[in-house]
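Heads up: the structure comes next, in structure tokens.
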Amino acid sequence: MLNVKRVVLRSRPGKDGLPVPENFRVEELMKSPELKEGQVLVRTLFLSVDPYMRCRMNDDTGADYLLPWRLGEVVDGGGVGVVEASKNQALSVGITVTSFSWPWQTYNVMDGSLLQEVDPEMVDGHLSHVLGAVGMPGLTALLGVREKGHVTPGSHQTMVISGAAGACGSIAGQIGRLDGCERVVGICGSEQKCQALVTELGFTAGINYKKGDISSALREHCPAGIDIYFDNVGGPISDAVISQMNPGGHVILCGQISQYNKDVPYPPPLSEDTQKALCHKNITRERFVVLNYIEKHAEGLVQLSRWVKTGQIKVLETVVNGIENMGEAFCSMMTGGNIGKQVVKITD
């Protein structure tokens, strides 16, 4: 028998739409890890919390590729762990595995078809990076820039990234720089984050949207206008960026975290002025979903691994310890409490 801790969805956010740690409940129970053919027992090492999960707290996620979490049932998301017992010929005891649908439990009996083996060398032994820079957020950054950004080396382009100190934005800005953008400007919510963008990640500048006028700051740091906008937040910040974009520019519509707590469709409706700017300047703004590019994931992960291992991409990470802190880690991430990827360490 195993002593298993798990996190279930206790309640959905209230009328204000803001999630709170009390929406989640930690349960402890004894379970017998009996395996059927094809199954494995995994011990969880790290779990991921991500902005898209806010949509899964609703009755309707607003996206056909995302199922809502059910009340009273175990929550799931990105996870990485080690195989403790196996009845699956492809997955031997001791290997590291990951899944996009990993239940928030300390131990799980899972169907082997839901798991992918991880080579620890891909992340230089930093297994949490499987959930960040060399995982889905890294792929979102890489393929978002490559498929929707239209970066052209030598053309003196300026890229702006909102949510720039988060898991995806912090990688996207570095990829924009590596791919040839002349200026890479990040927007985030604190002076500490702005400093990290410039001194640690090589951004040209960081703008604290909570301090001063964001439009003035954009004019200062993007004197030739904005060519590419990697949009993680939406709302007034995106309106300000789009108003200063050059004709023929490109918006990479990755996320809208500022709107996730509101009862609006995804992507949320734009202001009339922003719609006019997009139309008159012939700016492309297409929704980007990384799952639509599965055939490019393997090659993308190899590229991300190479960049991380050679130090061309720096990884920022905020780690919280203990499955009992999953709810707090999630809510902190939703309000910008993290620098880089937010992960929760479950076991060693």
Side-chain angles (χ1 to χ4, degrees), residues 1-9 24-50 52-53 56 61 63-123 125-132 134-139 289-302 305 322-324 326 343-348:
M1 298 290 283
L2 283 174
N3 182 17
V4 177
K5 291 182 180 180
R6 66 184 187 182
V7 180
V8 302
L9 186 66
F24 302 93
R25 180 176 67 246
V26 179
E27 299 178 343
E28 194 167 350
L29 62 158
M30 301 299 293
K31 293 192 76 173
S32 176
E34 296 180 4
L35 302 181
K36 297 177 182 176
E37 197 62 37
Q39 292 183 326
V40 296
L41 171 67
V42 291
R43 175 169 52 87
T44 307
L45 299 176
F46 292 95
L47 291 172
S48 176
V49 291
D50 301 280
Y52 81 87
M53 292 176 171
R56 300 193 68 191
T61 66
D64 54 11
Y65 57 89
L66 282 180
L67 293 175
W69 289 330
R70 296 184 180 276
L71 289 173
E73 294 190 2
V74 178
V75 175
D76 70 315
V80 62
V82 62
V83 175
E84 299 276 289
S86 176
K87 281 194 174 180
N88 187 301
Q89 291 185 347
L91 301 171
S92 57
V93 172
I95 67 168
T96 304
V97 289
T98 187
S99 174
F100 194 54
S101 305
W102 194 290
W104 288 9
Q105 293 191 168
T106 49
Y107 290 89
N108 288 294
V109 172
M110 297 181 71
D111 191 311
S113 64
L114 298 175
L115 299 167
Q116 297 84 47
E117 185 173 353
V118 172
D119 178 4
E121 285 296 310
M122 287 273 289
V123 289
H126 299 285
L127 293 177
S128 58
H129 292 180
V130 171
L131 303 177
V134 192
M136 200 60 70
L139 284 172
V289 180
V290 70
L291 296 178
N292 290 342
Y293 299 88
I294 289 177
E295 74 282 358
K296 298 186 177 183
H297 285 195
E299 182 183 353
L301 289 174
V302 170
S305 170
I323 196 168
E324 63 276 3
M326 290 295 299
V343 295
V344 180
K345 184 178 182 180
I346 307 302
T347 61
D348 292 316

(message) Just verifying a value: how many Å separate Thr106 OG1 and Asn3 CG, rounded to the nearest 0.5 Å?
(response) 7.0 Å
(message) Using every non-hydrogen atom in the two residues, find where Val74 and Arg6 come nearest and quote the distance to one decimal.
(response) CG2-CD, 3.6 Å
(request) For residues Met1 and Ser32, report the shortest heavy-atom separation together with the two atoms involved. (result) SD-CB, 3.7 Å
(message) Looking at Val290, is its backbone amide N or carbonyl O close enough to the side chain of His297 to form a donor-acceptor pair, meaning the two atoms are under 3.5 Å apart?
(response) yes
(request) Give the minimum heavy-atom separation between Tyr107 and Val4, together with the two atoms involved. (result) O-CG1, 3.9 Å
(request) For Val83 and Val40, work out which heavy atoms get closest and say how close. (result) CG1-CB, 4.2 Å
(message) To the nearest 0.5 Å, what is the distance between CG on Leu127 and CE on Met122?
(response) 12.0 Å
(message) Can a donor-acceptor pair be found, under 3.5 Å and without considering hydrogens, that links the side chain of Thr98 to the backbone of Gly79?
(response) yes
(message) Please report the interatomic distance CD(Glu121) to OG(Ser305), rounded to the nearest 0.5 Å.
(response) 9.0 Å
(request) Flag the pair Gln39 / Lys87 as yes when at least one side-chain heavy-atom distance between them is below 4.5 Å, and no otherwise. (result) no
(message) Would you say that Val344 contacts Trp104 through its side chain, given a criterion of any heavy-atom pair below 4.5 Å between the two side chains?
(response) no
(request) Might you point out which heavy atoms bring Arg56 and Thr61 nearest each other, and give the distance in Å? (result) CA-CG2, 3.9 Å
(request) Could you grab the distance from atom CD of Glu324 to atom CD of Glu28, nearest 0.5 Å is fine? (result) 9.5 Å
(request) State whether the side chain of Ser86 and the backbone N or O of Leu91 hold a donor-acceptor pair below 3.5 Å, judged by distance alone. (result) yes
(request) Give a yes or no on whether the ring-centroid distance for Phe100 and Tyr52 is below 6.0 angstrom. (result) yes
(message) On a heavy-atom basis, which atom in Val7 and which in Val26 lie closest, and how many Å separate them?
(response) CG2-CG2, 4.2 Å
(message) How long is the straight-line distance from CD of Glu37 back to CG of Asp111, given to the nearest 0.5 Å?
(response) 11.0 Å
(message) As an exercise, state the distance from CG of Leu9 to CG of Asp76, rounded to the nearest 0.5 Å.
(response) 11.0 Å
(message) Does any part of the side chain of Arg43, heavy atoms only, come nearer than 4.5 Å to the side chain of Ile346, both counted from C-beta?
(response) no
(message) Out of the candidates Leu2, Asn108, Val82, Val93, only one should pair with Leu41 under the side chain to side chain contact (heavy atoms under 4.5 Å, CB included) rule; please name it.
(response) Leu2
(message) Do Leu291 and Met136 make a side-chain contact, defined as non-hydrogen atoms from C-beta onward lying under 4.5 Å apart?
(response) yes
(message) Can a donor-acceptor pair be found, under 3.5 Å and without considering hydrogens, that links the side chain of Thr44 to the backbone of Gln105?
(response) yes
(request) Determine whether Met110 and Ser101 make a side-chain contact, defined as any pair of heavy atoms from C-beta on separated by less than 4.5 Å. (result) no
(request) Answer yes or no: is there a side-chain heavy-atom contact under 4.5 Å between Val302 and Glu299? (result) no
